[in-house]
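Let me begin by presenting the structure, written as structure tokens, before commenting on it.
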Amino acid sequence: MSQIEMDNEQGQQSNRWEGYIDWRNRSAIKGRHGGMVAASFILVVEVLENLAYLANASNLVLYLSRFMHFSPSKSANIVTNFMGTAFLLAFLGGFLSDAYFTTYCIFLLSAMTEFLGLVILTVQAHIPSLKPPVCPLVNRNVACEEVDRGESDNVIRRPLFGGTRCWRNKSLSCGALIAVTFVVWIEDNKGWQWGFGISTATILISIPIFLLGSATYRIKISRGSPITTIFKVLAASVYHSWVSRNSSNAISNFSTSSSYTTKASEDGEYPKGKAETQTLTEDLKFLDRALLTTAGPPWLECTIRQVEEVKSVLKVLPIFMSTIMLNCCLAQLSTFSIQQAATMNTKVGSLRIPPASLPVFPVLFIMILAPVYNHVIIPFSQKVANTEIGITHLQRIGIGLVLSIVAMAVAALVEMKRKRVAIQSGLVDSTETLPITFLWVSMQYVLLGSADLFSLAGLMDFFFTEATSSMKSLATALSWVSLAMGYYLSSVLVALVNHITGTFRHTPWLHASNINQDHLEKFYWLMCILSGLNFLHYLFWAQRYRYGSSGHDNQIEIQIVNN
């Protein structure tokens, strides 16, 4: 090969995105694939997808209670289970794209699934025979006939797809703003089939828009999921612990050392033939047993890098667990809060606002607060703390958790006021609107929206900075898992509260067909107490957490003796 040909080949190699391909499985080229052109298609798709999803998520609880005749608690649980599953599917989509497919294929698959689900929901809302008999709501205390099980098993799927950071958040806010205003108004005034139809059309439009940008996408090659590494290291640790008890192979000494050298080419992240310096931290020492060289299955062989990667994820799990309760509080904004507003006066001047449009308050508030947070609060905290980061990630999460406690206390007080107005007006069992403005309920939306802003931003940054390079995608995906677990926890709490209070008091707190006869204020006070206990749990782990920059100060070397 001539020198010119060699230079051309080297130039072509340097012009390629390493580890990325285009939609035709060819090497991705710098300057041609990726960048803002590709991102613009994705952001438009994000707006459309979020519009379709939130339009249904914010108003679904009223559709289930008013037209499917489920009780307030059943409607709330169906919605929280639906949203929890949607968030969990996002995590599943990330796993599948890392391990087996690409994000390109996963989006197309999930978008088609969501489209089919919305088609079924639209048809169900349009055909009277697929709905329960119409119930004249003269008396809220009279239970209407619920839809049967077969008719209620329509499922909407949310696309298993993620985007970039800052612009993605703006696109999500734009989609949410349109969803909770225009589409919700259509559902309340023109018919649910029209609202569901708009969501269906939106998802259908997003697919060709996504395909139009195919030639510009830079798609990461699937190299296996970090979840596999976690299970591998955990299995190896357990296996070697069990074997070491029954053989002479054991860890004979742990001595302080500066480093441990291993081949970098083992995980394919460094140029072949080079070596990297690896060290073991003193955290989670039981995982170090995964490096023992006892005879075992080849697939259980682990490197120090893999052990440290798993440690970086397991260390953040207590923090992750502490945010589940916050997301459980957020779940109430899509369920009971909307049902509260539906009984109140929703007029602002001469304009009647649909109850499901209440999320517009936190959306607008976050859109205003986010720039203030980034350009005022953070720089100010940097000057006060005299550090580059200012407010630490854990402090941001803590502020969010405190705001969630305040929000649930405010929600309980507002519900007490709402019920007092219903009793004084003699409208407990009536379908008439209570003489109290729904803007009272907006207070809990603003407080929980602020809590979400602080905690979500802190949580994402915390996971991203603390995880190793190969675990960053998994660590940031934990925020979606936290959302899913929070919504599932809401369903569990409602069921437990009804079971326990029904057993000892014979009248469950959240079981009536009329929300005015439920004890929602007691449930909110319970959420406030649980959030307080959760904050104490968070403080316990946050005060003991060592950031990654200091976590590698104390390093050890394993010496293994094989007899």
Would the number of heavy atoms belonging to other residues, nucleotides or ligands and lying under 6.0 Å from CE of Met460 be above 12? yes
Step by step, would you call Val414 with Tyr524 a side chain to side chain contact (heavy atoms under 4.5 Å, CB included)? CA-CA 10 Å; Val414 169; Tyr524 280 160; over 6 Å; no
Quick one: are Arg418 and Ile515 in side-chain contact, heavy atoms under 4.5 Å? yes
Would you say Lys522 has more than 12 foreign heavy atoms packed within less than 6.0 Å of its NZ? yes
Run the side chain to side chain contact (heavy atoms under 4.5 Å, CB included) check on Ile399 and Leu403 step by step: do they pass? CA-CA 6 Å; Ile399 292 172; Leu403 286 175; 4.2 Å; yes
Rounded to the nearest 0.5 Å, how far apart are CG of Asn534 and OG of Ser404? 7.5 Å
Would a 4.5 Å heavy-atom cut-off, applied to side chains only, mark Leu62 and Pro355 as touching? yes
Taking C-beta and beyond as the side chain, do Asn498 and Val494 meet within less than 4.5 Å on heavy atoms? yes
Would you call the rings of His393 and Phe462 parallel, tilted or perpendicular, where under 30° means parallel and over 60° means perpendicular? perpendicular
Would you say the side-chain atoms of Asn81 and Ser491 include a donor-acceptor pair closer than 3.5 Å? yes
Would you say the side chains of Ser482 and Thr323 form a donor-acceptor pair under 3.5 Å? yes
In terms of ring plane angle, is the pair Phe196 and Tyr63 parallel, tilted or perpendicular, where the classes change at 30° and 60°? perpendicular
Could you please spell out the steps behind the side chain to side chain contact (heavy atoms under 4.5 Å, CB included) verdict for Thr437 and Lys347? CA-CA 7 Å; Thr437 177; Lys347 283 188 175 181; over 6 Å; no
Is the backbone N or O of Cys328 less than 3.5 Å from a side-chain atom of Gln332, with the two atoms forming a donor-acceptor pair by type? yes
Using side-chain heavy atoms (C-beta onward) and a distance below 4.5 Å, is Ser531 in contact with Leu401? no
Using salt bridge (Lys or Arg N to Asp or Glu O under 4.0 Å), reason through Glu521 and Lys419 one step at a time and then give a plain yes or no. CA-CA 9 Å; Glu521 74 286 354; Lys419 287 187 66 176; 3.6 Å; yes
Within the 4.5 Å heavy-atom criterion, are Met408 and Leu526 side-chain neighbours or not? no
Is the distance from the ring center of Phe210 to that of Tyr217 below 6.0 Å? yes
Taking only residues two or more places apart in sequence, or in another chain, which ones meet Trp541 in a side-chain contact (heavy atoms from CB on, under 4.5 Å)? Pro318, Ile319, His537
Compute whether any side-chain donor of one residue and acceptor of the other, for Tyr545 and Glu466, lie under 3.5 angstrom apart. yes
Given the side-chain rings of Phe101 and Phe107, with only the six-membered ring counted for Trp, is the space between their centroids under 6.0 Å? no
side-chain hydrogen bond (donor to acceptor under 3.5 Å, both in side chains) partner of Tyr488, the single match among Asn77, Thr85, Thr80: Thr85
For Trp480 together with Phe91, are the ring centres under 6.0 Å from each other? no
So Val481 and Met485, side chain to side chain contact (heavy atoms under 4.5 Å, CB included) or not? Walk me through it. CA-CA 6 Å; Val481 179; Met485 294 298 102; 4.1 Å; yes
Side chain to side chain donor-acceptor pair (under 3.5 Å) between Thr200 and Thr122, intermediate numbers included: CA-CA 8 Å; Thr200 306; Thr122 304; 3.1 Å; yes
Please say whether more than 12 non-hydrogen atoms of neighbouring residues, nucleotides or ligands are located less than 6.0 Å from NE2 in His511. no
Tyr104 versus Ser214, side-chain donor and acceptor atoms under 3.5 Å: yes
Residue pairs involving residues 440-463 (criterion salt bridge (Lys or Arg N to Asp or Glu O under 4.0 Å); sequence neighbours excluded): Arg165-Asp461, Arg396-Asp461
With sequence neighbours left out, what residues match Val492 under side-chain contact (heavy atoms from CB on, under 4.5 Å)? Leu496
Should the heavy atoms of other residues, nucleotides or ligands under 6.0 Å from CH2 of Trp440 be counted, would the total exceed 12? no
